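Reading through the structure tokens given below for one structure.
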Amino acid sequence: MLRLFNTLSRTKEDFIPIEPGKVKMYCCGPTVYNYQHIGNFRTFIFEDLLLRVLTYNEYKVKYIMNITDVGHLVSDSDEGEDKMEKSAKLLGKSIMEIAEYYTGVFKKDSELLNIISPEVFCKATDYIQEQIDLIVCLEKNGFTYPTSDGVYFDTSKFPGYGKLARLDIEGLKEGARIEFSAEKKNITDFALWKFSPENEKRQLEWESPWGKGFPGWHIECSAMSKALLGNHIDIHCGGIDHIPIHHTNEIAQSEACSGEKFVNYWLHCEFLDFGNEKMSKSTGKFITLSTLSGNGYSPMDYRYFLLTAHYRKKQKFSYEALEGARSGIKNLKNKISNLKNSFSESESENPGLSDEYKTRFTDKINDDLNMPEAVAVMWDMLKDENLSSKQKLILVSDFDRIFGLGLDKTEEKMVTLVPDEIYDLIEKRKEAKKSRDFKAADEIRELIKSKGFEIKDTKEGVEINTI
RNA sequence: GGCGUGGUACCCAAGUGGCUUAAGGGGAAAGUCUGCAAAACUUUUAUUCGACAGUUCGAAUCUGUCCCACGCCUCCA
């Protein structure tokens, strides 16, 4: 039985889909006004793991992710500029160009991280009519009111507003650090539609029953989820920061229109903890996948790093910790490579033991995606002397359906593509060793190393690896 | 100021009342092997879980106080 931690109840619940065997899942994707940093990718990898676990449990998953290319304001209090417009202005490009560029980088990075693509990437600008329709629905149901700058959702009209985040509305008022618009009836009210500013032409704006403008940020997810998955879905996920505002508002909008429950399971990924090195997109100081590559770390090093912590706990990022992950996955691949070398069809089987590990592994991943323990099960398995190489390889390959580390691609030790020159040197070194001229032998080894090959003396002879 | 989360070895991190006198990975140390390396393998590496009280037959796990870090309420996954 798959169990998932539901933010709504703050407990782990048995996962029961609306329709047996099928799962409808929507995840909040990126706002494509800038690069995604590695913290953003922690959430996307968590969502990828969730998808893989669902698939592993033989659910057929309809998985949608949005691309926000309009309406996400610099401030969630419905003030300030549209992030996309701001970025376009800054770079002197059109919004379309900006959106395409950053969407492209996002998809490329996702691919490098072995993140499985959703069935559909939906762009907010492709669903403007659906968003307008939803606002019309809310208007009809009496949940909206106009102000001088837009159409707002009256949160006081929606019973149970803030339930997901367990918001303390009175406390919010007391603790408010910024003044909220005088025209808002309640501090938690939010914009459904914003009017274009009078003094300035926006790149993106649309006609609507209320006037020319653009949709509020939250409405896109409600509208696209409804359009592609229907009123009632199984899972909705995103970063933990979305709980108090974005997802809270999505629930209010969606349910106020449909009258149905919107989402059964809300899942949220914790932040990566950068210590003093704050990730701030506004200051432009943040670590991306390319930053990591520039420092010599591969996307899989980072993916393995993330697997060693649980998604609902903060994980401390440091290059020291990442270095540990890099060594870890290197050793892991080495081990698999050695297994492939020692693989033999005639090895004795111990299916019982194999099942035991498979069960242990499944229990861990089905316990709210406990990847750290699942990784530990893999290591235990690899160290178990009672399993054959063949069994270990089969299990590793099976486990990697979840981990997504590309362990299957781990090659056998290859001795091809080595230039003759190297073979000649190895031959010379062999001679030197024979005549016990170890100084010369060591020098030749260094020479070979300087040419990009590392040699190791083993019982079977000389092993050659590229550096 | 309001709300919340967390502090487990050198680093990352699991475990949330007895199965644990605390998984797993990295690092470090010792050993086997080797001319030496490297690799591989073996062993060691927290009597202790931020501090102090308390509840309990029994706590890292529950309660209280304090210290510290972080997050949200402003942009952020």
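Hydrogens, waters and symmetry mates are skipped; everything else that's a heavy atom, side chains included, is used. Because the structure is a prediction, the values reported are computed rather than measured. Residue numbering restarts at 1 for every chain, and letters A, B, ... go by the order of the sequence lines.
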Does the plane of the ring in Tyr26(A) sit parallel, tilted or perpendicular to the ring in His236(A)? Use 30° and 60° as the thresholds. tilted

Paired to U63(B) by Watson-Crick or G-U wobble criteria (both distances under 3.5 Å) is A53(B)

Interface with RNA chain B, restricted to residues 357-376 of chain A and to heavy atoms under 4.0 Å: Asn370(A), Pro372(A), Glu373(A), Ala376(A)

Judged by each residue's nearest nucleotide on RNA chain B, which is more toward the 5′ side, Phe438(A) or Gly328(A)? Gly328(A)

Applying side chain to side chain contact (heavy atoms under 4.5 Å, CB included), name anything that partners Ala440(A), two or more places apart in sequence or on another chain. Ala432(A), Asp437(A)

For Tyr304(A), which contact category applies under a 4.0 Å heavy-atom criterion: base, sugar-phosphate, or nothing? sugar-phosphate

Got a donor-acceptor pair under 3.5 Å from the side chain of Asp273(A) to the base of G71(B)? no

Applying a 4.0 Å non-hydrogen cut-off, can you work out what Leu272(A) is touching in the nucleic acid: base, sugar-phosphate, or nothing? base

Could you tell me the separation between the CZ atom of Phe271(A) and the C1' atom of G4(B), rounded to a whole number of Å? 13 Å

Below the 4.0 Å mark, does G26(B) have OP1 or OP2 next to a side-chain nitrogen or oxygen of Asn331(A)? yes

Using a heavy-atom cut-off of under 4.0 Å over every strand shown, decide if Arg326(A) touches base, sugar-phosphate, or nothing. nothing

Out of A13(B), G26(B), G24(B), whichever nucleotide has its closest atom nearest the side chain of Lys383(A): G24(B)

Can you tell me if Asn66(A) uses its side chain to pair, donor with acceptor, with the backbone of Cys122(A) under 3.5 Å? no

Among A77(B), G25(B), G24(B), the nucleotide that comes nearest once only the side chain of Asp241(A) is considered: A77(B)

Would you please confirm or rule out a distance under 4.0 Å between OP1 or OP2 of G71(B) and any side-chain N or O of Lys313(A)? no

Check the distance between A40(B)'s P and Asn338(A)'s CG and give it to me in whole angstrom. 7 Å

Hey, are Lys107(A) and Glu111(A) close enough for a salt bridge, meaning a charged N less than 4.0 Å from a carboxylate O? no

Mind checking if Phe44(A) touches a base, just sugar-phosphate, or nothing, with heavy atoms under 4.0 Å? nothing

Touch class at under 4.0 angstrom, heavy-atom based, for Gln315(A) against every strand present: sugar-phosphate

Pairing check on G17(B): which nucleotide meets the Watson-Crick or G-U wobble criteria with it, both distances under 3.5 Å? none

Would you call Lys358(A) and Asp355(A) a salt bridge, using N to O less than 4.0 angstrom? no

Can you tell me if Lys335(A) touches the phosphate of C41(B), counting only side-chain N or O atoms and a distance under 4.0 Å to OP1 or OP2? yes

Of the listed nucleotides G35(B), G27(B), A77(B), the one nearest the side chain of Asp442(A): G35(B)

Looking at Lys314(A), does any N or O in its side chain come under 4.0 Å of the phosphate oxygens OP1/OP2 on G71(B)? no

For Trp379(A) and G25(B), is the gap between ring centres under 5.5 Å while the planes differ by less than 30°? no

I need the CG-P distance between Leu339(A) and A39(B), as an integer number of Å. 18 Å

So His310(A), base contact, sugar-phosphate only, or nothing? Heavy-atom distance under 4.0 Å. sugar-phosphate

Please determine, for A77(B), whether a Watson-Crick or G-U wobble partner exists with both distances under 3.5 Å, and give it or none. none

Identity of whatever pairs with G6(B) - Watson-Crick or G-U, under 3.5 angstrom: C68(B)

Toward the 5' end of RNA chain B, by each residue's nearest nucleotide, Arg445(A) or Gly239(A): Arg445(A)

Tell me whether Asp14(A) is salt-bridged to Arg3(A), with the criterion being a basic N under 4.0 Å from an acidic carboxylate O. yes

Would Asp368(A) and Arg312(A) pass as an ion pair if we require N to O under 4.0 Å? yes

How would you list, by chain and number, every residue that makes a side chain to side chain contact (heavy atoms under 4.5 Å, CB included) with Ile116(A), sequence neighbours excluded? Asp48(A), Leu51(A), Arg52(A)

CG of Asp273(A) to NZ of Lys316(A), rounded to nearest 0.5 Å, is 7.5 Å

